[in-house]
Amino acid sequence: MKKLLALVLAAIMTLSVMSFAAAEGTTLTIVAWDVNTTGYLTAQKEAYEATHPGVTIEYIDVSSQDYDTKVAAMLAAGDSSDIYMVKDVPALMNWYDAGYAMNMNDYIAASNYDLSGYVGMEVNYNYNGEQVALPFRSDFWVLFYNKTLFDNAGVAYPTNDMTWEEYKEKAIALSGNGNYGTHNHTWLSACVNWAVCDGVNTLIDGEYSDLAYFYQLVQDLEDAGACMAYSEVTAAGLHYSGAFGNGNIAMLPMGYWYVATLINNIKDGNYNVSDWGIVAVPHKEDVKAGSTFGNLTGVMINKKATNADAAWDYIAWLCGEEGSKVTAGTGNRPAWVSEGVAKVMSSVEGFPQDENSVAALLPSYVAIEIPGDPNASAISSILGEEHSMIMTREISIEEGIEEMNERVQELLSK
């Protein structure tokens, strides 16, 4: 890993071009969380300082558990730190509404900054036409698969352009003799959140008929014995990482963050998996291949920043191609999507080297799991309650979705 990061730093030092010349002796203050335990923060600081002489980065560490609350208090008190890292979208919306987040539109226009590498993710930080933050991390979802089980069953590997019906067929064909074709973790996102991949439906719109297809898909797989039943997984308290690591599950839809866990546990001999790969999550017939969803981590400029111009220069670097390569070199998934970033990610020791796994690092579209909305938390609670009732089959899919619609629409009408 250290060798890879050194190579990335060397390349950046050769290619880096500053969009705004920072004044000599500039100190950028960045408010973040878990500073001492988050490896990519150190790597980003070292890389930027190495390629931008005269600029020093200082992190202000705020407790992860209370980050949004404490940051709101800091901003309200007139704190002049330059950059704030954004943990979740609803918090950013609150900061924007309170007038704390700087509009980046002028900076973007002046530097002709390319937003295409975010494959749609940047819109989640755009309010009333103002780009108030940019994403630098995004753990979007992919499909993990155990090549050994596919080989033993004589079933063709999944591809980056596979429909959910094809996925279902493979899962059933791979099941039996103690093996399961796939595994659905208990979260709503792991079972039915694929509906948001079309770029139209969301989990806050108050209409959830789009989830019915995926609930039926999961229940069909359970009935066919192609995956463990929801009630069985919850009763056993089975974590998805250990489930796939047992070596008897052929496919697992999960966030990209699982890559690091998988690599490390295989290296340490803790998993009964040795030959694996990833592909894009399956898609419905009317949804573009490579579409997925994920969560974002971003950065915003404080309206009261001491060094606003230098803060933009750092954000443009961090969230773009060069900074993303540094983030990728630490084993983390950047928001920026490009072949150059994918090359760095796939160079991490233990990452599968087949063509499909590397191509899976280039999604065509990434939707956000829960868009920013004042009611997001309450809506998530409602959906979670009905999700549990549907998955334990205490109520039918139709009844559960009707309850979701009625309860969320009542909330939205207040």
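Atom set for the values below is all heavy atoms of this structure, side chains included, hydrogens, waters and symmetry mates excluded.
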Determine, for K284 against D210, whether the closest basic-nitrogen to carboxylate-oxygen distance falls under 4.0 angstrom.
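Here K284 does not pair with D210 in a salt bridge, since their nearest N and O are not under 4.0 Å apart.
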When you check the gap from the basic side-chain N to the acidic O, do K45 and E49 get nearer than 4.0 Å?
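Looking at E49 together with K45, the answer is yes, because their closest N to O distance falls below 4.0 Å.
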Looking only at the side chains, is there a donor atom on one of Y96 and N128 sitting less than 3.5 Å from an acceptor on the other?
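A donor-acceptor contact under 3.5 Å links the two side chains.
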If only side-chain N and O atoms count, and only distance matters, is there a donor-acceptor pair under 3.5 Å linking Y107 with D309?
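Looking only at side-chain atoms, Y107 and D309 do form a donor-acceptor pair, the distance falling under 3.5 Å.
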Going through the distances and angles, do Y167 and T182 end up as a side-chain hydrogen bond (donor to acceptor under 3.5 Å, both in side chains)?
CA-CA 9 Å; Y167 160 84; T182 192; 2.6 Å; yes
Taking [Y]'s backbone N and O only, do any of them form a donor-acceptor pair with [X]'s side chain (distance below 3.5 Å, no angle check)?
X    : Y    : answer
N375 : A378 : no
N126 : G129 : yes
R393 : Q219 : yes
T38  : V35  : no
N246 : N248 : no
N103 : V132 : no
E386 : I401 : no

W312 and Y113: CA distance, side-chain angles, deciding distance, ring-ring contact (aromatic ring centres under 6.0 Å, His included) verdict:
CA-CA 11 Å; W312 163 253; Y113 192 75; 5.3 Å; yes
Side-chain contact, heavy-atom cut-off 4.5 Å: [X] with [Y]?
X    : Y    : answer
L134 : M104 : yes
I315 : I83  : yes
V233 : H183 : yes
L296 : Y125 : yes
F144 : P253 : no
E322 : T51  : no
I370 : S380 : yes
M345 : Y256 : yes

Going through the distances and angles, do S346 and Q353 end up as a side-chain hydrogen bond (donor to acceptor under 3.5 Å, both in side chains)?
CA-CA 7 Å; S346 62; Q353 294 304 301; 5.0 Å; no
Looking at [atom1] of [X] and [atom2] of [Y], how far apart are the two atoms once the value is rounded to the nearest 0.5 Å?
X    : Y    : atom1 : atom2 : result
I266 : D268 : CD1   : CG    : 10.5 Å
I204 : I379 : CD1   : CD1   : 6.0 Å
W276 : D354 : CH2   : CG    : 9.5 Å
L75  : K70  : CG    : NZ    : 14.5 Å
M251 : I278 : CE    : CD1   : 15.0 Å
I57  : L41  : CD1   : CG    : 10.0 Å

Establish, yes or no, whether a centroid distance under 6.0 Å links the rings of [X] and [Y].
X    : Y    : result
H387 : Y208 : no
F244 : Y271 : no
F214 : W164 : yes

Show the numbers, then the answer: is there a side-chain hydrogen bond (donor to acceptor under 3.5 Å, both in side chains) between E207 and S209?
CA-CA 6 Å; E207 208 296 306; S209 60; 2.8 Å; yes
Going through the distances and angles, do Y314 and Y48 end up as a ring-ring contact (aromatic ring centres under 6.0 Å, His included)?
CA-CA 8 Å; Y314 176 75; Y48 190 76; 4.8 Å; yes
How are the rings of [X] and [Y] set relative to one another: parallel (under 30°), tilted (30 to 60°) or perpendicular (over 60°)?
X    : Y    : result
Y240 : H185 : perpendicular
W141 : W187 : perpendicular
W95  : Y67  : perpendicular

Exceeds 12 heavy-atom contacts within 6.0 angstrom, atom [atom1] of [X]:
X    : atom1 : answer
E355 : CD    : no
D106 : CG    : no
K147 : NZ    : yes

Walk me through it: do V281 and W194 pass the test side-chain contact (heavy atoms from CB on, under 4.5 Å)?
CA-CA 9 Å; V281 292; W194 317 111; 3.7 Å; yes
Here's a test for you: under side chain to side chain contact (heavy atoms under 4.5 Å, CB included), which of I60, N302, D82, V299 qualifies with V31?
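One option only clears the test, and that one is I60.
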Indicate the atoms forming the closest heavy-atom contact of [X] with [Y], along with that distance.
X    : Y    : value
T202 : V196 : CA-CG1, 4.0 Å
P334 : V341 : CG-CG1, 3.7 Å
S81  : T29  : CA-OG1, 3.2 Å
N160 : A359 : ND2-CB, 3.6 Å
N184 : A190 : OD1-O, 4.0 Å
M121 : S138 : SD-OG, 3.2 Å

Take W317 and D313 through the side-chain contact (heavy atoms from CB on, under 4.5 Å) test and state the conclusion after the steps.
CA-CA 6 Å; W317 174 90; D313 184 59; 5.8 Å; no
Evaluate the criterion ring-ring contact (aromatic ring centres under 6.0 Å, His included) for residue pair F136 and W336; output intermediate values, then yes/no.
CA-CA 7 Å; F136 74 91; W336 189 263; over 10 Å; no
Go through E349 and I263 one step at a time and tell me if the side-chain contact (heavy atoms from CB on, under 4.5 Å) criterion holds.
CA-CA 8 Å; E349 183 179 357; I263 289 174; over 6 Å; no
Pairwise salt bridge (charged side-chain N to carboxylate O under 4.0 Å, His left out) hits with a residue in residues 159-168, at least two apart:
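Every salt bridge (charged side-chain N to carboxylate O under 4.0 Å, His left out) pair that includes a residue of residues 159-168, provided the two are not neighbours, is K168-D220.
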Please report the C-alpha distance between T392 and E394 in whole Å, then the side-chain angles of each, then the deciding distance to 0.1 Å, and finally whether the side-chain hydrogen bond (donor to acceptor under 3.5 Å, both in side chains) criterion is met.
CA-CA 6 Å; T392 55; E394 296 179 50; 2.9 Å; yes
Evaluation steps, salt bridge (Lys or Arg N to Asp or Glu O under 4.0 Å), between K325 and E321
CA-CA 6 Å; K325 287 180 179 178; E321 178 85 9; 3.7 Å; yes
